Amino acid sequence: MTGFNLEETRNLALGTLAVGVAALLPVFDQGFYLAICVNIMLYAALCTAWSLFSGPTHLVSLATAAFYGLGTYSVGLGIDTLPYPVLVAIAAASGAVLAGLVGAMTLRISGVYFVIFTFGLAEFVRQVVTWLQTKFATAIGLYVFTDITESQIYWMLLALTAAVFLTGFLIARSTLGFALQIIGNDETVARHVGIDTARAKIVLFMISGAFIAIAGAIMAPRYSYIEPPSAFNPMISFLVVIMALLGGTRRLWGPLVGVIPFTIMMDFVSSRFPNHTMIVVGLAFLVIVYLIPNGVTGLIENARARMKGADTVAREKTA
Amino acid sequence: MLRRTFIGLAASAAAIGLAGTPALAQEDVIKIGASAPKSGPLAGGAAMTHWPNIQLWMKEVNEAGGLKVGDKQMKLELVEYDDKTNGEEAIKNIQRLATVDEVDFIVAPYSTGLNIAAAPAIARHGYPHIATTAATDGVNQFAERWPNSFWMLGTSTQLANGIVATLAAMKDKGDIGNKVALVNVADAFGLELVAAAKPALDEAGFEIVYETSYPLGTQDLAPVISQAKAAAPDAFVAFSYPGDTFALTEQAQVQGFDVPVFYTGVGTAFPPFAARFKEAANGVMGIGGINSSDENVKGYLEMHKAELGSDPDFWASATTYAGLQILGQAIEKAGTLDKAAVVEAIRTNTFDTVIGEVSMPNNVNEKVWTVGQWNDGVFEAVAAEGLPVAAEPVKKSGWN
């Protein structure tokens with residue numbers, strides 16, 4: 001791997017600075033703002049991990065809940081016997097294995113079929129977990145009681161988000177990233193120039209799945225009570241897609257700029273209009289789609305382009 | 001042009017939202033925070049059991065001039081949030097109530113899962129946590145873990161023992177034989193109950209002639225009823241959830257499953273159950289029940305109907321109201337809004353509530369109604385632990 005150029009070094013430095021600043025938050029607030037930042041950080045990790053795969057391949061995956069639930073359950077099932085870090089590793093491994101299996105079976109199908117399959121996957125995993133517990137245990141709910149504090153959960157999620165970013169950054173510089181760029185542009189061309197498209201996609205899906213499972217494992221102590229309907233909640237899958245698309249998936253930081261305004265908006269709406277949340281959120285969606293059809297990244301890039309002039313845009317895009 | 005209109009609209013919407021900011025806390029007001037489902041899978045249950053009781057209680061207290069705290073009369077003011085039936089959201093709401101709204105007290109969330117998810121956050125801020133909609137065997141463990149928490153709806157084992165004891169009593173009287181069909185929803189609740197019921201049935205000399213479980217959300221329960229019917233049991237016991245409770249009962253009616261004891265789980269105690277099945281509901285047994293011959297309970301039923309225009313559910317509703325009464329009385333007894341003092345007051349006092357006298361020295365309410373039976377629009381308690389019941393259990397006579 002070659003050394004970092006000036007811009008990459010700058011981005012890395014900025015990223016490190018951002019992580020450093022974000023890490024200070026629990027020093028200032030232990031209450032509501034920490035709670036909402038845990039929420040933001042969770043979806044930042046999930047959305048970025050999701051777009052690691054779905055961004056370059058343009059395959060919309062609704063399997064987030066499956067990986068997330070798997071991670072949560074890894075901790076729920078093992079918390080009484082194994083140390084927590086081991087469980088997080090197990091979660092990552094099982095997320096990767098599931099993604100590998102699913103990828104091997106399905107990444108040859110594309111478009112809407114893949115979407116439907118991944119949606120079914122979350123439900124399927126949920127039913128399998130339920131069935132196994134009915135057969136072998138007397139209760140479905142699992143208790144996860146630990147001494148892990150909210151601040152620690154926040155820091156773990158922050159570290160995870162940073163790791164996802166770093167991974168995305170390194171992938172983009174690698175041959176895998178180059179291959180994915182070609183696959184994303186035209187898969188037929190990619191095959192013709194000798195890229196093993198299936199392998200590239202599976203590897204990426206596994207990385208993404210492992211990260212999402214880790215996020216689930218980190219959140220398990222926060223829920224205290226793990227049961228299939230909440231661990232495999234399909235809303236997670238949908239929210240991740242909506243937030244990532246709101247941000248834009250062309251850039252690694254795209255999902256991030258979607259997550260922050262979306263979470264704050266949802267929170268504002270649900271606290272101001274507790275009895276009409278869904279209606280107001282629906283209206284807000286219409287307004288958003290109408291006003292910013294290209295996502296927040298689109299807005300930012302347009303603004304930048306206007307400031308810098310048209311010629312820099314071309315360079316920005318290939319950078 | 002259209003775009004500008006849109007921006008204008010959005011801006012005015014935001015302005016309206018901001019204008020809704022609650023007025024600065026006045027003196028002599030107790031701020032009560034509540035977070036429970038208003039959307040998501042449990043919204044229906046919360047709309048039946050949880051929210052109406054908060055409304056009712058606040059209205060009753062405020063119309064009576066508020067609570068007497070020390071030498072001040074203080075009225076109640078509610079801050080409410082939707083947790084979307086989601087643990088993460090519930091935690092966030094509790095944090096918001098505690099640190100942004102700075103409420104004086106918090107009403108416990110709705111359902112076992114949400115109560116447990118929110119418990120650490122509630123405990124961290126030291127609020128009394130009176131859980132009235134969580135029925136699980138973990139209560140003693142929870143009470144120990146969170147000394148500020150109180151658990152009022154009983155345990156799975158109590159509920160399972162309740163129906164088994166009822167069956168045993170009917171068997172001893174010669175009403176029914178010893179064959180039982182046992183069905184449960186494959187979910188934390190169903191599994192806990194079935195795990196507690198099986199050894200108890202065995203001990204009471206019952207034979208389980210049919211047993212099955214079905215996943216949560218199963219729509220078609222016709223096969224369950226037809227197979228249970230084929231096994232010709234004396235009692236049909238289903239630890240079910242509202243959706244399946246209705247589906248099972250409907251199938252039993254359609255297939256003419258004429259069994260002397262027909263028992264279903266959560267949802268049986270809901271007034272819509274009686275409204276849906278009319279006379280056919282008579283004799284159906286289920287979880288919960290209340291002592292409708294008790295004056296306190298009668299008063300509660302009448303008040304609920306008069307103030308809200310509907311019957312409460314005949315299980316956790318009264319307990320939820322009682323939990324709120326306990327909170328109010330404990331504040332008055334402590335004579336202060338200090339949370340720790342109120343927690344202590346709850347632990348050390350006996351409270352006069354709509355479900356009778358309640359005391360929780362070990363943070364758990366041991367006295368609960370366990371089995372109810374429909375009788376002309378009232379779901380009467382026929383089995384209980386530590387409480388008088390409304391009636392003796394009777395055989396169900398057909399579906400007409």
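In this text the structure is predicted, and so the values were computed from the model without any measurement. Order of the sequence lines fixes the chain letters, A, B, ..., with proteins taken first and strands second; residue numbering starts at 1 for each chain.
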[atom1] ([X]) with more than 12 external heavy atoms under 6.0 Å:
| X | atom1 | result |
| --- | --- | --- |
| B:Gln227 | CD | yes |
| A:Phe119 | CZ | no |
| B:Tyr210 | OH | yes |
| B:Lys198 | NZ | no |

Contacting region of [X] [heavy-atom separation from chain A under 4.5 Å]:
| X | value |
| --- | --- |
| B:Tyr214 | neither |
| B:Ser156 | neither |
| B:Lys38 | side chain |

Tell me the closest heavy-atom pair linking [X] and [Y], and the distance in Å.
| X | Y | result |
| --- | --- | --- |
| B:Gln141 | A:Phe145 | NE2-CE1, 3.4 Å |
| A:Ala35 | B:Gln95 | CB-CG, 3.6 Å |
| A:Gln127 | B:Pro215 | OE1-CB, 3.6 Å |

*What's the verdict on side-chain contact (heavy atoms from CB on, under 4.5 Å) for B:Tyr81 and A:Ser270, showing C-alpha distance, side-chain angles and the deciding distance?*
CA-CA 7 Å; B:Tyr81 294 124; A:Ser270 55; over 6 Å; no
*Quick one: which of B:Thr85, B:Asp82, B:Ile116, B:Thr136 has the most heavy-atom pairs under 4.5 Å with chain A, could you say?*
B:Ile116
In Å and rounded to the nearest 0.5 Å, what is the [atom1] to [atom2] distance from [X] to [Y]?
| X | Y | atom1 | atom2 | result |
| --- | --- | --- | --- | --- |
| B:Ile91 | A:Ser224 | CD1 | OG | 6.5 Å |
| B:Ile94 | A:Phe32 | CD1 | CZ | 12.5 Å |
| A:Tyr33 | B:Lys92 | OH | NZ | 12.5 Å |
| A:Met235 | B:Asn86 | CE | CG | 8.5 Å |

*With respect to chain B, which residue among A:Asn233, A:Leu42, A:Asp267 yields the maximal number of heavy-atom pairs within a distance under 4.5 Å?*
A:Asp267
*Is there a side-chain contact (heavy atoms from CB on, under 4.5 Å) between A:Val38 and B:Glu88 once you walk through the steps?*
CA-CA 9 Å; A:Val38 165; B:Glu88 175 59 19; 4.2 Å; yes
